[in-house]
Asker: 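Take a look at this one; I'll ask things after.
Proteins come first, then strands; the chains are lettered A, B, ... in the order of their sequence lines, and each starts at number 1.
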Amino acid sequence: MTAPTESSPFSSADLARHRLSPQEYRRITELIGRHPNLNELGMFSVMWSEHCCYKNSRPLLKGLPTTGPRVLVGPGENAGVIDIGDGLRVAFKIESHNHPSAVEPFQGAATGVGGILRDIFTMGARPIASLNSLRFGPLEDARNRALFRGVVHGIGHYGNCVGVPTVGGEVYFDPTYSGNPLVNAMAIGVLETPEIVRSGAAGIGNPVLYVGSTTGRDGMGGASFASAELSDASQKDRPAVQVGDPFTEKSLIEACLEAFRTGAVVAAQDMGAAGLTCSSSEMAAKGGVGIEMDLDLVPVRETGMVPYEFLLSESQERMLFVVEKGREGELIALFERWGLHAVVVGRVIDEPLVRIFHSGTVVAELPARALTDDAPVYPRAVLPEPPAAILKLRAFDWHSLAEPADYTEALLTLLDSPTIGSKSWVYRQYDHQVQNNTVIVPGAADAAVIRVRPQSFGPGEVEAVPFTERGIAATVDCNSRYVYLDPYRGAMLAVAEAARNLSCVGATPLAITDNLNFGSPEKPEGYWQLAMACRGIADACLELMTPVTGGNVSLYNETQSDGGTTAIYPTPTIGMVGLVEDIHRTCSQNFKSPGDLVYLLGGGEPTLGGSEYLACLHGVAAGEPPVLDMALEIQVQSVCRLGIERGLFKSAHDVAEGGLAVALAECCITGNLGLDAVLGANHPRADVVCFGEMAAAIIVTIDPSDQVACELWLECSLAERWKLLGTVAAQSFDLRVENRDCRISTSCERLKTTFEQAISRRMEHIPVTEAPQR
Amino acid sequence: MKFAVIVFPGSNCDRDVVTVTRGLLDQPTRLVWHTEDDLDGCDVAVIPGGFSYGDYLRCGAIARFSPVMQAVRRHAERGGLVIGICNGFQVLTEAGLLPGALMRNRALQFVCDRVALKVERTDLPWVHSYQPDEVITLPIAHGEGCYYAEEATLAELEENRQIVFRYCRPDGTIDAVGNPNGSLHNIAGLCNRHGNVLGMMPHPERASDPSLGGSDGRRLFEGLVASALAVV
C-alpha cells in the first residue's frame with residue numbers, strides 16, 4: 001500500500017510519547033494505507049517496541065542454534081520445551097523485569113515472576129521451579145540496599161504464595177548496576193497435557209475466551225517503557241509498573257491446566273506485555289487468521305476506561321484462549337469454580353485482522369501481521385574492531401600491582417565480598433522446598449536439582465501418585481565483567497560455566513534460555529557488545545550441544561546522569577537445564593569427611609584479568625578474562641559427571657570468582673570442615689595461583705581408599721590435567737603454594753562467619769520500610 | 001487410615017501431603033474442595049500449607065468461614081484427628097480450634113530453612129513414633145509463624161502439656177538462638193486439650209521422602225497409621 005496524502009493527525013510530540021520515530025510512523029501508514037487512529041497508534045507503539053518485536057536484536061538472534069534431538073519447541077512460542085525421556089517434557093524460559101524493578105522493586109520483581117510462570121503454564125506445563133539472576137549496585141549505597149531488599153521481597157512474596165519453589169539463582173553487586181538493577185526470572189515446568197498448547201488461533205467462528213483477572217489501568221504501556229533508558233523522569237512512569245496478585249495466579253495455574261486437559265482449548269496466550277493487543281494480534285498472526293473482540297465484554301476493575309486503555313493495559317494474571325465452538329460453557333464453569341473470570345469476548349474470523357469493537361463501533365482494525373511480522377527490523381553494522389577504550393582496558397598490566405602482604409586477609413576480603421559471600425540472606429526468604437521435589441537446596445551445590453513428576457491429581461479420591469527417579473538440574477550464570485572486557489569470550493565463558501555447574505551436580509547439560517541485558521543498540525559499542533555476545537553464545541552452545549530454546553532481550557539498560565548516559569555491563573544471562581537420570585546419584589559441593597583427598601580436575605591458565613580479586617582488592621575492572629579451552633572444558637565436565645555417576649566423587653565444586661582459594665574455602669564452609677593443601681606454582685605470582693580465575697576447573701574429593709583406582713582413571717581420561725591438592729582436615733584451613741612463601745592459615749569457623757555475614761551484615765539495621773530514593 | 005486433605009483456593013502444600021499419605025504410605029486419600037461440607041469416612045483431616053484465599057485480611061482469617069471448616073470442626077468435636085500445617089495451623093487458630101495466634105516473624109522476613117525441634121511429648125497418635133525429648137529436624141517456610149498467646153493461655157498450655165514441638169538448637173537447648181521466628185515459649189506445634197487437634201508451623205510432609213534427604217517428618221505420618229492399626 002502507499003502512504004496517505006492527507007496530513008498526519010499526530011504531532012511529533014505525540015509520536016515521541018509513543019516512542020515511535022517519524023520513519024516508523026511512515027511505515028505504519030504505508031502498511032495500512034491510511035493514518036492510524038489513536039487506539040491503533042497505541043497498539044503499534046507497544047507492538048513495535050524492542051520488548052515485543054526484537055527490532056534491534058532479531059538479526060543477531062538468527063545465528064543461535066535452536067534445534068536438537070531433545071528440542072520439542074524452540075524459540076517463538078511462550079516457552080521452549082525439551083524431552084527429558086520417560087515421557088517427561090519440560091518447558092522453561094527466562095525473562096527480565098529490569099525497568100519495572102528499578103522504579104518499583106517489590107511489584108516489579110513480583111510481576112516478573114508472575115509473567116514468566118504464565119509463559120510456562122500457557123504451554124500446558126505445571127511450574128515446578130523458579131530461579132533468578134539479580135544484579136545491583138554496591139550495598140554501601142542505601143538506594144541499592146532498598147532495591148535489593150524490595151526485589152528479593154517481591155520475588156519471595158510472589159513465588160512463595162503461588163507455591164513454586166525458588167530453587168536457585170545468582171546475585172552480583174557492581175557499581176555498573178547502581179542506577180539500573182537487573183532482575184531476570186527463570187521458570188521451569190513439567191508438561192501435564194498430552195499435547196503441547198500452542199498460541200496460533202485456528203477454527204473460523206471459534207469463540208475467543210478471556211480468562212483470569214479483570215482489566216484496569218495498571219501497567220499502561222509497560223512494554224514501551226521497558227524499551228527506553230531510565231532517567232529521573234522514570235519515576236513518573238510508576239503507573240507503567242503492574243501490580244501482581246499471586247493468589248489469582250495460583251488459581252489460574254490450576255484452572256488453566258485443568259482446562260487444557262479437557263482438550264477444548266485450541267490455543268492459548270498469556271497477556272503479558274501489551275496485554276490484549278499483543279495476545280490477540282500474535283494469536284491471529286501465528287494462526288494466519290483474524291480475531292474480532294468487543295471491549296464492552298471485557299471484565300473490568302474500574303469504570304470509564306476508554307479503548308486505548310483497554311488495549312494497552314498490562315493488568316496481570318490474564319490469558320486469552322481460542323476454544324472449540326460449543327464447549328465454551330464447560331470451560332466457563334471450570335474457571336468460575338476457581339473464582340476466576342471467563343468471558344467470551346470475541347471470535348476467530350477469516351480476514352487476517354484484529355478488529356476491536358467498543359460501544360458498538362469499530363475502534364481499531366489492523367492487519368495482524370502489521371503489528372507483528374511486519375514490525376521493523378534494524379540490522380546494523382557491527383564494529384569491525386573492539387572499541388579503543390575496551391582494548392585499553394584489556395591491555396591493563398596487572399603484573400605491576402603489589403602482591404598482598406597477608407594472604408589470609410586477602411582471602412577473607414574476598415569471602416566478605418557480597419558477590420562471593422553466602423546468598424543465604426536471599427534464599428532463606430524464598431520457599432525452596434514447596435512441591436516436595438527439591439533434591440539439592442540453594443547454597444549446597446553449584447546447581448539446583450529437582451525431581452520431575454507430573455501432579456495432575458485434583459479434588460476427589462486420589463487414585464495414584466506417580467513418582468519418577470528422573471530430575472533436572474538448573475542454573476543461571478553470567479560473569480558480566482568478563483563480557484564487558486571481551487563480549488565474545490565472556491559470553492562463551494558464561495555458557496561454559498553454566499554447563500560446568502550442571503556437571504558438578506552430575507547432570508548432563510541439555511539446553512539453554514538466554515536473557516540478553518544490554519545497553520542501547522543505537523550506540524555502536526552497545527550493538528557491537530550484543531553482536532559479539534550472540535556469536536559467543538552460539539559458538540559455545542554448538543560445542544556443548546545445548547541449543548537455545550528461547551529467551552528474552554532487554555536493551556536500553558542505561559541511566560541518564562549529568563547529561564550523559566551510562567550503560568550497564570553487557571549481561572547475557574544463561575539459564576541452563578540439564579538431565580539427572582537418577583536423583584539418588586547427584587553431588588553437592590561440601591567436603592564430606594576429614595581425610596578425603598582433594599583433587600583439581602582440569603584448570604586452564606589462571607589470570608587476574610577481570611577477576612573478583614582485582615575488583616575487590618585493587619578496585620580495578622580490567623585485563624583479559626580467562627582463556628577458554630573448550631576441548632578441555634568438555635573433557636573435564638564429562639569426567640566430573642562420570643565420577644559422580646560411579647559414586648567415586650564425594651563432592652564437586654567449580655572454580656569461579658576468587659579462584660582456587662575461594663572455591664576450596666567454599667567447600668570447607670559448606671561442609672564445616674578444614675583443609676590441608678598445597679597449590680602447584682603454575683604462575684610466578686602466588687596471588688595468581690590462589691585467586692586467579694580460570695575456566696574448565698573443578699574441585700572434587702574422593703575417599704582415600706579409592707586413590708589408586710581414581711588416579712589411574714584420571715590419568716587415562718585427563719592425561720596430565722589433574723592434580724592432587726591435599727586432604728580434607730577437621731577444622732583448620734591451611735593452604736600453601738609450592739615453593740612460595742605464601743600461606744593461608746585460619747579456622748574454618750572464621751571463614752564461615754565472614755562468608756555468611758557478607759550480605760546480612762550490610763543489610764542489618766536498615767528499616768524495612770526504607771523507600772527507594774531517586 | 002483414610003486422610004482428607006483440604007483444598008482452599010491458594011492452598012499450595014495439598015499435593016505435598018498427598019504425596020506422602022497416598023504416594024509414600026499408600027493410604028487412601030481424598031482431596032476435599034473448600035465448598036464441600038462433609039468428611040465422612042475420613043479418619044484424619046489435614047489442613048495444608050499455602051495462602052488460603054490469598055491470606056487477605058489475616059492469614060487463615062477467611063478460610064475459617066468456609067463450608068469445609070464447619071465439617072472439620074464437627075470432625076474435631078467428634079474426636080476425629082485434625083492436623084494443620086503452616087497455613088493450616090494459622091487457620092486452626094483463627095477458627096478457634098487451637099488457642100493463640102501466629103504473627104509476623106520476629107525478623108519481619110519470610111524464613112525457609114531446616115530447623116531443630118524438640119519433641120515434648122510422645123503419648124499422642126501424632127508423635128508416638130518419636131522418643132521422649134528427641135531432637136528432630138524439619139523444614140520451615142513461613143512469614144507469619146511467631147506464636148503468640150496471653151500469659152494465662154501460655155501457662156495453661158504448659159500446665160496441660162499441650163506444647164508438642166519446640167524450636168531448639170541442634171543439641172536440644174531451648175533458647176532464643178534456636179528460635180527462628182520469635183515464637184513465645186519456642187512453640188512450634190501445639191495440640192488442644194484432648195490431643196486430637198494438632199497445629200504446627202514446620203512441614204513434616206517435606207521431610208518424608210528419603211530421596212530428598214531427611215525423613216523425620218515421615219515418622220509423624222507413619223506413627224498415625226500405626227496408631228490406627230493398633231486400635232483395630
Asker: Counting heavy-atom pairs under 4.5 Å to chain B, which of A:Ile440, A:Val152, A:Asn437, A:Ile450 comes out on top?
Answerer: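 Of A:Ile440, A:Val152, A:Asn437, A:Ile450, A:Asn437 has the most heavy-atom pairs under 4.5 Å with chain B.
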Asker: Who among B:Gly23, B:Pro210, B:Gly50 has the most heavy-atom pairs with chain A under 4.5 Å?
Answerer: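 Most heavy-atom pairs within the cutoff with chain A belong to B:Gly23.
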Asker: Between B:Cys112 and A:Tyr430, what is the shortest heavy-atom contact and its length?
Answerer: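 The answer is CB-O, 3.2 Å.
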Asker: Can you say whether B:Val20 sits under 4.5 Å from chain A via the side chain, the backbone, both, or neither, judging by heavy atoms?
Answerer: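 Contact with chain A is through the side chain of B:Val20 alone.
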Asker: Contact between B:Leu212 and A:Thr438 at the side-chain level, heavy atoms closer than 4.5 Å - yes or no?
Answerer: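 They are not in side-chain contact.
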Asker: If you define the side chain from C-beta out and look only at heavy atoms, does anything of B:Val32 sit under 4.5 Å from A:Pro459?
Answerer: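 They are not in side-chain contact.
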Asker: After noting the C-alpha distance and the side-chain angles of B:Arg206 and A:Gln435, does the key distance pass the side chain to side chain contact (heavy atoms under 4.5 Å, CB included) rule?
Answerer: CA-CA 8 Å; B:Arg206 295 188 190 178; A:Gln435 295 195 15; over 6 Å; no
Asker: If you tally heavy-atom pairs under 4.5 Å against chain B, which of A:Val439, A:Val462, A:Asp245 wins?
Answerer: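 When all of A:Val439, A:Val462, A:Asp245 are compared, A:Val462 has the most.
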Asker: Contact part of A:Val162 toward chain B, heavy-atom cut-off under 4.5 Å: side chain, backbone, both or neither?
Answerer: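 Just its backbone gets close to chain B.
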Asker: Is the shortest distance from a Lys or Arg side-chain nitrogen in A:Glu461 or B:Arg22 to a carboxylate oxygen in the other one below 4.0 Å?
Answerer: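 Salt bridge: no.
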Asker: So which of B:Arg30, B:Glu36, B:Arg15 has the biggest tally of heavy-atom pairs under 4.5 Å with chain A?
Answerer: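 It is B:Arg15.
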Asker: So which part of B:Glu205 gets closer than 4.5 Å to some heavy atom of chain A, the side chain, the backbone, both or neither?
Answerer: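 When you check distances to chain A, atoms from both the backbone and side chain of B:Glu205 fall under 4.5 Å.
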Asker: Identify the heavy atoms of A:Asp431 and B:Phe110 that sit nearest to each other, and give their distance.
Answerer: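 Where A:Asp431 meets B:Phe110 most closely, the heavy atoms are N-CE2, 3.9 Å.
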Asker: Under 3.5 Å, is there a donor-acceptor pair between the B:Arg114 and A:Gln433 side chains?
Answerer: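 Their side chains do contain a donor-acceptor pair, which is all the 3.5 Å distance test asks for.
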Asker: Grab the two heavy atoms, one from A:Asn160 and one from B:Phe51, that are nearest each other, plus how far apart they are.
Answerer: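 Where A:Asn160 meets B:Phe51 most closely, the heavy atoms are O-CE1, 3.3 Å.
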Asker: Against chain A, label B:Leu24 side chain, backbone, both or neither, depending on which of its atoms sit under 4.5 Å from a heavy atom there.
Answerer: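 The answer is both parts of B:Leu24.
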Asker: Output the option from A:His432, A:His157, A:His584 having the highest count of non-hydrogen pairs under 4.5 Å with chain B.
Answerer: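 Counting heavy-atom pairs under 4.5 Å, the top option is A:His432.
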Asker: Would you please say whether a donor-acceptor pair under 3.5 Å links the side chains of A:Arg453 and B:Thr19?
Answerer: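 Short answer, yes.
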Asker: Taking all atoms of both residues into account, what is the closest heavy-atom pair of B:Asp16 and A:Asn436, and its distance?
Answerer: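 For B:Asp16 versus A:Asn436, the nearest heavy atoms are O-ND2, 3.2 Å.
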Asker: Is the shortest side-chain heavy-atom distance between B:Gln109 and A:Met763 below 4.5 Å?
Answerer: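 Not in contact.
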Asker: What part of B:Ser208 lies closer than 4.5 angstrom to a heavy atom of chain A: side chain, backbone, both or neither?
Answerer: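 Neither part, no heavy atoms under 4.5 Å.
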Asker: Check the side chains of A:Tyr427 and B:Asp113 for a donor-acceptor pair under 3.5 angstrom, ignoring hydrogens and angles.
Answerer: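 No, A:Tyr427 and B:Asp113 have no side-chain donor paired with an acceptor closer than 3.5 Å.
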Asker: Nearest 0.5 Å please: distance from the CD1 atom of B:Ile140 over to the CZ atom of A:Arg428.
Answerer: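 Between atom CD1 of B:Ile140 and atom CZ of A:Arg428 there are 7.0 Å.
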Asker: Tell me whether the count of non-hydrogen atoms from other residues, nucleotides or ligands lying under 6.0 Å of CD in A:Glu756 goes above 12.
Answerer: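 It does: A:Glu756 CD has more than 12 such atoms within range.
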Asker: Could you tell me which of A:Pro466, A:Cys161, A:Ser251, A:Ser424 has the largest number of non-hydrogen atom pairs under 4.5 Å with chain B?
Answerer: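 The residue among A:Pro466, A:Cys161, A:Ser251, A:Ser424 with the greatest pair count is A:Cys161.
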Asker: For chain B, which of A:Glu469, A:Glu249, A:Glu254 has the most heavy-atom pairs under 4.5 Å?
Answerer: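 Maximum pair count with chain B is reached by A:Glu254.
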Asker: To the nearest 0.5 angstrom, please state how far the CZ atom of B:Phe8 sits from the NZ atom of A:Lys250.
Answerer: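 Atom-to-atom, B:Phe8:CZ and A:Lys250:NZ are 14.0 Å apart.
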